[in-house]
Amino acid sequence: MTRPLAIVCVSGGMDSAVTAAIAAADHRLAFLHANYGQRTESAELRSFDALADHFGAERRLVVDFSDLRAIGGSSLTDTSILVRQGSPVEGVIPTSYVPFRNAHLLSAAVSWAEVLGASAIFVGAVWEDSSGYPDCRPVFYEAFEEAIRVGTRPETDIRIVTPVIALKKAEIVRKGIDLGVPFEKTWSCYQSEDRACGVCESCALRSKGFAEAGFEDPLPYRTPVRA
């Protein structure tokens with residue numbers, strides 16, 4: 001019996017890589033990536049292609065959301081805004097939040113899923129132990145799944161799967177190690193494309209996860225990370 005097809009939203013980071021490995025257990029894969037004028041667009045795209053090769057994705061699609069750079073409002077798309085350093089601050093949405101970005105990503109994924117006949121969209125969103133982006137909350141994905149139901153063909157049945165949304169970073173690392181995820185092919189840094197900066201919030205979260213999991217992060221850093 002042919003396995004069902006899933007769209008996997010792959011940023012190139014560790015969370016989406018582990019999500020892809022989870023999806024690969026039961027699904028054929030179509031990888032979706034977004035370029036939106038982010039500081040590390042080239043590095044993320046390299047990681048996306050490397051992960052698509054690794055997991056044997058049947059299809060890959062890169063969508064262009066350059067309008068998000070024009071809209072601005074985020075340190076990832078506007079170089080005049082500083083990228084926040086260090087660990088996340090509870091209750092504070094960081095400067096790296098790209099306003100409503102995940103709605104753009106999901107809209108593209110739903111369009112593609114409906115055309116391809118995919119039954120699921122896998123997203124590597126993390127809420128419990130991450131930056132606190134509002135479009136990474138479980139309630140957001142529940143609401144978007146309802147939008148899919150009312151906004152697609154009557155016969156369309158697409159679910160959104162967020163398998164790591166409630167996991168700690170250390171748990172994500174351990175899960176990835178168990179599944180053979182090539183973490184050396186991923187990219188998490190928010191502001192450097194050759195060697196991870198070691199000071200941005202994303203580097204801090206990643207380093208903390210590897211340290212707490214008891215594994216060495218395979219990525220090189222410019223400076224030691226203070227998680």
Side-chain angles (χ1 to χ4, degrees), residues 1-36 38 44 48 51-52 55 57-65 67-68 71 73-74 76 88 93-94 96-169 171-172 175-176 179 181:
M1 182 177 179
T2 303
R3 295 190 300 170
L5 179 68
I7 308 295
V8 186
C9 299
V10 180
S11 66
M14 57 181 287
D15 302 331
S16 64
V18 173
T19 297
I22 294 170
D26 300 305
H27 296 79
R28 293 156 37 234
L29 307 176
F31 273 23
L32 176 68
H33 179 75
N35 287 334
Y36 53 94
Q38 64 271 42
E44 291 179 25
F48 165 76
L51 291 169
F55 288 107
E58 293 182 8
R59 294 172 178 265
R60 65 185 78 182
L61 175 66
V62 177
V63 291
D64 177 22
F65 295 144
D67 58 308
L68 291 177
I71 289 170
S74 168
L76 298 192
I93 297 175
S96 54
Y97 166 61
V98 180
F100 218 45
R101 178 194 62 186
N102 287 348
H104 292 252
L105 183 64
L106 287 174
S107 293
V110 172
S111 295
W112 201 30
E114 193 167 24
V115 170
L116 296 182
S119 60
I121 297 169
F122 280 76
V123 184
V126 179
W127 176 248
E128 296 273 337
D129 192 32
S130 197
S131 297
Y133 299 149
D135 57 354
C136 282
R137 292 177 294 174
V139 66
F140 170 75
Y141 294 98
E142 293 165 7
F144 211 98
E145 198 168 66
E146 176 63 10
I148 295 172
R149 187 186 69 80
V150 301
T152 56
R153 297 185 184 94
E155 65 271 22
T156 297
D157 184 13
I158 302 169
R159 61 195 175 97
I160 298 176
V161 186
T162 54
V164 300
I165 200 164
L167 298 185
K168 301 290 187 182
K169 283 291 183 182
E171 294 175 312
I172 292 172
K175 173 71 82 171
L179 295 174
V181 170

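Quantities reported herein were computed from a predicted structural model and do not represent experimental measurements.
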Tell me, which pairs form a side chain to side chain donor-acceptor pair (under 3.5 Å) where one or both residues lie in residues 11-24, sequence neighbours left out?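 Counting only pairs at least two positions apart or across chains, the side chain to side chain donor-acceptor pair (under 3.5 Å) contacts touching residues 11-24 are S11-S16, D15-K169.
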side-chain contact (heavy atoms from CB on, under 4.5 Å) involving I93 - partner list, sequence neighbours excluded: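 side-chain contact (heavy atoms from CB on, under 4.5 Å) check on I93 returns Y97, P134.
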Just to verify, what does L116 make a side-chain contact (heavy atoms from CB on, under 4.5 Å) with, not counting sequence neighbours?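 L116 satisfies side-chain contact (heavy atoms from CB on, under 4.5 Å) with L5, I7, A30, R59, W112 only.
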Side chain to side chain contact (heavy atoms under 4.5 Å, CB included) partner of V123, chosen from L106, V164, V10: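 Result: among L106, V164, V10, L106 is the only option passing the side chain to side chain contact (heavy atoms under 4.5 Å, CB included) with V123.
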Can you sort out the partners of F31 under ring-ring contact (aromatic ring centres under 6.0 Å, His included), two or more places apart, ordered by chain and number?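 Not a single residue meets the ring-ring contact (aromatic ring centres under 6.0 Å, His included) criterion with F31.
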List in chain and number order the residues that pass ring-ring contact (aromatic ring centres under 6.0 Å, His included) with F65, two or more places apart in sequence or in another chain; answer none if no residue qualifies.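 Per chain and number, F65 pairs via ring-ring contact (aromatic ring centres under 6.0 Å, His included) with H104.
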Looking only at heavy atoms, what is the nearest atom pair of [X] and [Y], with distance?
X: V63; Y: A108; value: CG1-CB, 4.2 Å
X: S107; Y: F144; value: OG-CZ, 3.6 Å
X: I158; Y: A118; value: CG1-O, 3.7 Å
X: V181; Y: A21; value: CG2-CB, 3.6 Å
X: A23; Y: V8; value: CB-CG2, 4.0 Å
X: L68; Y: V98; value: CD1-CG1, 4.1 Å

What is the distance from atom [atom1] of [X] to atom [atom2] of [Y], rounded to the nearest 0.5 Å?
X: L29; Y: F55; atom1: CG; atom2: CZ; result: 8.0 Å
X: L32; Y: I121; atom1: CG; atom2: CD1; result: 8.5 Å
X: I71; Y: F100; atom1: CD1; atom2: CZ; result: 11.5 Å

Output all residues satisfying side chain to side chain donor-acceptor pair (under 3.5 Å) with [X], sequence neighbours left out; order by chain, then residue number.
X: Q38; answer: E44
X: D157; answer: none
X: Y141; answer: N102
X: T162; answer: none

Below 4.5 Å, heavy atoms only, C-beta onward: do [X] and [Y] meet side chain to side chain?
X: I148; Y: I160; result: yes
X: H33; Y: V62; result: yes
X: L105; Y: R101; result: no

What residue pairs, at least two apart or across chains, pass salt bridge (charged side-chain N to carboxylate O under 4.0 Å, His left out) with a residue in residues 138-152?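 Every pair satisfying salt bridge (charged side-chain N to carboxylate O under 4.0 Å, His left out) with a residue in residues 138-152: E146-R149.
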Those residues that, when tested against E171, pass salt bridge (charged side-chain N to carboxylate O under 4.0 Å, His left out) (two or more places apart):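 Counting only residues at least two positions away or on another chain, E171 forms no salt bridge (charged side-chain N to carboxylate O under 4.0 Å, His left out).
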R28: partners by salt bridge (charged side-chain N to carboxylate O under 4.0 Å, His left out), with sequence neighbours left out: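 By the salt bridge (charged side-chain N to carboxylate O under 4.0 Å, His left out) rule, R28 matches E58.
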Can you check whether T156's main-chain N or O pairs, donor with acceptor, with E114's side chain at less than 3.5 Å?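 No, the answer is negative, given that no donor and acceptor are paired below the 3.5 Å cut-off.
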